[in-house]
**Student:** 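To start, I am sharing the structure in question, which I have written as structure tokens.
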2 protein chains.
Amino acid sequence: MTTYPGDRPGPPEPRWLSDDEQRTWQAYLHATTLLEDHLDRQLQRDAGMPHVYYGLLVQLSEAPEKRLRMTELAEGAKITRSRLSHAVARLEKNGWVRREECPSDKRGQLAVLTEEGEAMLTRSAPGHVAAVRQALFDRLTPEQTESLGAIMAIVAEGLQPSGSGADLPWRR
Amino acid sequence: MTTYPGDRPGPPEPRWLSDDEQRTWQAYLHATTLLEDHLDRQLQRDAGMPHVYYGLLVQLSEAPEKRLRMTELAEGAKITRSRLSHAVARLEKNGWVRREECPSDKRGQLAVLTEEGEAMLTRSAPGHVAAVRQALFDRLTPEQTESLGAIMAIVAEGLQPSGSGADLPWRR
DNA sequence: GCCGTTTTGTTCAACTTTCAAGGAGAGTTC
DNA sequence: GAACTCTCCTTGAAAGTTGAACAAAACGGC
């Protein structure tokens, strides 16, 4: 039985989390699962769909012509194309989204927000914003909001499928 | 057509998110979905289970006697009892958890971490910690870590099924 | 043009999560 | 101790997600 650290290649000593980090991680997990859950229920109740689906509609509503290529939509929502296919199929069945062929690329599909979809969004947006506000922003100081934004931007940046070149040896 | 705000009951003017808040919210959504996804894949690959399930094993491993009542486990993980039932069934099938009757309450069940479960945990913990570290803590300053912890604690507190008395008129 | 590669979006099967319903024991009241 | 109510946990079906496999179109030499 040899003792780490420091001799030979062998498995590197894992650097555990400090107490502070553990507490932060725990709080992070609790907060994120509770919040996602909360919003899922809120939207399922008031809009008849889960939070992710709602996000798709929002994204479409902000897009030029209220339409986006499937891949763009998936990337914007940070979900897989497969998941999006199912989601759009469901939203289509609800009449909130319609598919159109992409004129420039015959492989492509455009997801288009319908009138009904827009109406549904207008109807449920206030309640949803209120829920987000009540769970998050109303409880934070402006400094905390600012800080949270910065932190989350860093984390997202680091996990981006493309932009994560920092510590990946095979990328330049 | 009357104009809000301020006359009569009517639907209250929704208070929209400021630009800062919108950016923060967007970053939050991106970061949390990317991170959860990332960890899910990491654990699915290295431990053969999703992140939530892994969390259950961790919780058991830290409990006295390496066992917990189903309800306690569910509360600790912030998931429903139903979800836990299914999860434990699956983990049991893998041999990582075993169920035992609760001596003091015949309705109760204890989830117990098995030897194999503990072994699996020991085997996969280093990789998982590394993943968390790489995605989160290695990118934050100590002040940011501290700040994130505080913020998440506030949010979790506010959504706690029980402790959320702050703005609920029907409590007290 | 032709061939190999890449991109796009869908589909299938396996798995996970949700929601409503329900059985069984514990607690409470009279 | 009977009748109510509540808590504990499970179940089954429906909804959602995942990962691998796939067809079709686009791209990139050569």
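As a basis for the values below, the full set of heavy atoms in this structure was taken, side chains included, without hydrogen atoms, waters or symmetry mates.
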**Student:** Quick check: does any side chain N or O of A/K78 sit under 3.5 Å from a backbone N or O of B/L34, one acting as donor and the other as acceptor?
**Tutor:** no

**Student:** Please check if atom CD in B/Q22 has more than 12 non-hydrogen atoms from other residues, nucleotides or ligands closer than 6.0 Å.
**Tutor:**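 For B/Q22, atom CD is crowded (more than 12 foreign heavy atoms under 6.0 Å).
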
**Student:** Between B/H128 and B/H51, how do the two ring planes meet: parallel, tilted or perpendicular, split at 30° and 60°?
**Tutor:**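 Taking B/H51 first and then B/H128, their aromatic rings sit tilted (interplane angle of 30° to 60°).
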
**Student:** To the nearest Å, how far apart are A/L110 CG and C/dT8 C1'?
**Tutor:**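 Those two atoms, CG and C1', are 12 Å apart.
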
**Student:** What residues from residues 38-64 of chain B pass a heavy-atom cutoff of under 4.0 Å to DNA chain D?
**Tutor:** B/R41

**Student:** Quick one: does B/L39's side chain get under 4.5 Å of B/V132's, heavy atoms only?
**Tutor:** yes

**Student:** Please list, chain by chain and in numerical order, all residues satisfying side-chain hydrogen bond (donor to acceptor under 3.5 Å, both in side chains) with B/R123, sequence neighbours excluded.
**Tutor:** none

**Student:** Using 4.0 Å as the upper bound for N to carboxylate O, is an ion pair formed by A/E100 and A/R98?
**Tutor:** yes

**Student:** Among D/dT10, C/dT10, C/dT18, which is the nearest nucleotide to the side chain of A/M70?
**Tutor:**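 It is C/dT10.
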
**Student:** In terms of side-chain heavy atoms of B/H86, which of D/dT18, D/dA13, D/dC8 is nearest?
**Tutor:**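 Selected nucleotide (nearest to the side chain): D/dA13.
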
**Student:** Which of the following nucleotides, C/dA20, D/dT18, D/dC8, is nearest to the side chain of B/S82?
**Tutor:**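 Of the candidates, C/dA20 comes closest.
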
**Student:** Can you work out whether B/D37 or B/E72 has the more 5'-proximal nearest nucleotide on DNA chain D?
**Tutor:**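 Of the two residues, B/E72 wins.
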
**Student:** Distance check needed: C/dT8 P versus A/E101 CD, whole Å only.
**Tutor:**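 Atom-to-atom, A/E101 to C/dT8, this comes out as 17 Å.
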
**Student:** Which whole-number value in Å describes the distance from A/R81 CZ to D/dG16 P?
**Tutor:** 22 Å

**Student:** Roughly how many Å is it from NZ in B/K78 to P in C/dT17, rounded to a whole number?
**Tutor:**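 About 17 Å, once rounded to whole Å.
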
**Student:** So, do B/D138 and A/R15 sit near enough that their side-chain heavy atoms are less than 4.5 Å apart?
**Tutor:**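 Contact flag for B/D138/A/R15 side chains = yes.
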
**Student:** So does A/R90 get a side-chain nitrogen or oxygen closer than 4.0 Å to the phosphate oxygens (OP1/OP2) of D/dG16?
**Tutor:** yes

**Student:** Could you tell me whether A/R133 and B/E21 make a salt bridge, using a distance below 4.0 angstrom between a side-chain N and a carboxylate O?
**Tutor:**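 Between B/E21 and A/R133 there is a salt bridge, with a charged N closer than 4.0 Å to a carboxylate O.
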
**Student:** Please give, in whole Å, the distance from D/dC8 C1' to B/L84 CG?
**Tutor:** 12 Å

**Student:** State which of D/dT17, D/dT11, C/dT8 makes the closest approach to the side chain of A/R83.
**Tutor:** D/dT17

**Student:** Grab the N/O contacts between the protein and nucleotides 22-29 of chain D below 3.5 Å, and write none if there aren't any.
**Tutor:**
from   : atom 1 : to     : atom 2 : distance (Å)
D/dA26 : OP1    : A/K106 : N      : 3.2

**Student:** Do side-chain atoms of A/S124 reach the backbone of A/D46 as a donor and acceptor pair under 3.5 angstrom?
**Tutor:**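 Between the backbone of A/D46 and the side chain of A/S124 there is no qualifying donor-acceptor contact (under 3.5 Å).
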
**Student:** Could you check how far CZ of B/R69 sits from P of D/dT7, rounded to whole Å?
**Tutor:** 13 Å

